[in-house]
Protein chains: 2
Amino acid sequence: MARQVSSTTLAQAVADHLRMRIHRGDVSPGERLPAERELAEQLGVARISLREAIRQLREDGYVEVRRGSTGGTYVTELHRPAEAWRARMRAQAGEMDDIIDFRIALETETAALAARRHTAVGLAPVREAVLALHDVIGRTAFRQADSRFHVALARAAGNERLEEAVESARGELFSPRDLLPFREPVEETLRDHQAIYEAVAAGDAAAASAAMRAHLEGTRRQLRIIVFGAEDGADEVAWSPV
Amino acid sequence: MARQVSSTTLAQAVADHLRMRIHRGDVSPGERLPAERELAEQLGVARISLREAIRQLREDGYVEVRRGSTGGTYVTELHRPAEAWRARMRAQAGEMDDIIDFRIALETETAALAARRHTAVGLAPVREAVLALHDVIGRTAFRQADSRFHVALARAAGNERLEEAVESARGELFSPRDLLPFREPVEETLRDHQAIYEAVAAGDAAAASAAMRAHLEGTRRQLRIIVFGAEDGADEVAWSPV
DNA sequence: GTGAATGGTTCTCGGTCCAGACCTTGATCG
DNA sequence: CGATCAAGGTCTGGACCGAGAACCATTCAC
């Protein structure tokens, strides 16, 4: 009966939104955000609120601001936020697993729903995202193709609540993959996405769900290596799909 | 790139919080909320913000306010909100199924996690909630015991994100069960809860997940009858657990 | 050097929120 | 019957936030 309730300031909401978009890879290191006046209008907020949000992101090392005619708000290489994220995951041991478990809950069922409701038109973006991963050059394109796949699949499932929750949960993980050597995750991700797509396209809900679970358990292993530096406890993953 | 971002007023947040608590059955028809000054302090907001929230709830027919020494804010019989909810679900056909599908995603995995992590101490509240349903007299007690079970199970799963999401999704459904004849849902719910509890206590994640799915599909059937008045399309439920 | 595009700053108006004081209502008890 | 008390109802002053608009400062291309 005693939980605290609070509202969010607009600047905070904008900062969260932008941070999530950076985490998800919608905008990548080196890229420039739209000009303040323009972005404020796009988001439907006053410029001063957007500026306060940018100030927060700058303090956390997500963006750098330059003035002048080629100026603007540029996304950094994200070294500092990535390291801060890693430190936080190390400090609060269970949190990373909780996020992954949450994603498993959402995305296995998302894959199953997409398989049951699959339509050619709904699956087209999913297929494109799978193909895009083949031609990927560089981390930026990799992260964007990866994100596109999961979001497209959520949309194909046709459930707005699931789609929003998937996007939100994905925003809590992100960038530290850039700290990994590059070849392996791409190949593994490519293989997993392919398998999920095929199961969904075949209308096999159980297989789609199982493939998604396997994919996310693979993500968990990767993140464990990144965060903790060694592959400990990687065998407790072997329980059968529910 | 063009999504709108917005903040919430504190009064709106408080109203949503209280409405959800009523939906979930934490406070039942006829019960009195704490005095305004007291409740405002509990929630950590100014009295004027709480009053604005109560004004909203009063307009929607959730509460009645009486003055004097036995006065206070009383929860109504909820006839009007229940009817409004039903009308909304009829108008937006897919929404009810989306909410149920969302709950299935969250709660099947919650049950599986609880089964894998089961500890005697964590399961005690779940067991109590199952037993409470045996002794239930009246709708109020039924709804509270039902709610207690799901929340206790989410807590036993030990994942805060899942727990919050489960509570939030449950807040979107609720009360219309009171419009049903009373005996059947109790017996069905009792049987389902018992099955879920036994699977969790046995550490059988797959069985717990399947039992939860069956329970929620049963809920879907009940709600279909309540909202649409007939049992249509009740057979498309028969696909096997994933 | 000039122009254009950008971020930086300041002002005003209205809305939100808080804290506190005070008023009104209605049940109850001496 | 009247006093009391616990509850909701109302008002005020001040702090802060958000929207909108105008203007300042910096940088770069030409």
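The basis for the numbers below is simple: all heavy atoms, side chains too, and nothing from hydrogens, waters or symmetry mates. Reminder, nothing fancy here: chain letters follow the sequence lines and each chain counts from 1.
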Asks: Please tabulate the protein-to-nucleotide N/O contacts below 3.5 Å involving nucleotides 17-22 of chain D, giving atom names and distances.
Replies:
residue, atom, partner, partner atom, Å
dG18(D), OP1, L10(A), N, 2.6
dA19(D), OP2, A46(A), N, 3.1
dA19(D), OP2, S49(A), OG, 2.5

Asks: Are more than 12 heavy atoms from other residues, nucleotides or ligands located less than 6.0 Å from atom CZ of R47(A)?
Replies: yes
Asks: How many whole angstroms separate atom CZ of R32(A) from atom C1' of dT27(D)?
Replies: 13 Å
Asks: Starting at atom CG of L50(B), determine the distance to atom C1' of dG9(D), rounded to an integer number of angstrom.
Replies: 13 Å
Asks: Expressed as a whole number of angstroms, how long is the span from Y74(A):OH to dT6(C):P?
Replies: 9 Å
Asks: Decide if atom CZ of R88(B) counts as having more than 12 heavy atoms of other residues, nucleotides or ligands within a radius under 6.0 Å.
Replies: no
Asks: Is a salt bridge present between E167(A) and R170(A), judged by a nitrogen-to-oxygen distance below 4.0 Å?
Replies: no
Asks: Not counting sequence neighbours, list each pair that qualifies as a side chain to side chain donor-acceptor pair (under 3.5 Å) and has a residue in residues 57-69 of chain A.
Replies: H23(A)-Y62(A), R55(A)-E59(A)
Asks: Rounded to the Å, how far apart are L39(A) CG and dT6(C) C1'?
Replies: 14 Å
Asks: Counting only heavy atoms not in E31(A), do more than 12 sit closer than 6.0 Å to its CD atom?
Replies: yes
Asks: Grab the CD1-P distance between I54(B) and dA7(D) for me, whole Å please.
Replies: 13 Å
Asks: Search all heavy atoms of R103(B) against all heavy atoms of A169(B) and return the closest pair with its distance.
Replies: CG-CB, 3.8 Å
Asks: Report the distance from atom CD of E41(B) to atom P of dG20(C), rounded to the nearest whole Å.
Replies: 11 Å
Asks: Check D146(A) with R143(A), please: is the shortest side-chain N to carboxylate O separation under 4.0 Å?
Replies: no
Asks: For the backbone of I104(B) and the side chain of T108(B), can you confirm whether one donor and one acceptor N or O come within less than 3.5 Å of each other?
Replies: yes
Asks: Return a single string for nucleotides 25-30 of chain C, one symbol per nucleotide in 5' to 3' order, where B is base contact, S is sugar-phosphate-only contact and - is none, cutoff 4.0 angstrom on heavy atoms.
Replies: BBB---
Asks: Rounded to whole Å, please give me the gap between CG in L57(B) and P in dG8(D).
Replies: 14 Å
Asks: Heavy atoms under 4.0 Å, any strand shown: does R58(B) hit a base, just sugar-phosphate, or nothing?
Replies: sugar-phosphate
Asks: Within this structure, what is the CD-to-C1' distance between E38(A) and dT6(C), rounded to whole angstrom?
Replies: 12 Å
Asks: What are the two closest non-hydrogen atoms of V126(B) and A156(B), and how far apart are they?
Replies: CG2-CB, 4.3 Å
Asks: Between R51(B) and dG9(D), is there a contact of a side-chain N or O with OP1 or OP2 at under 4.0 Å?
Replies: yes
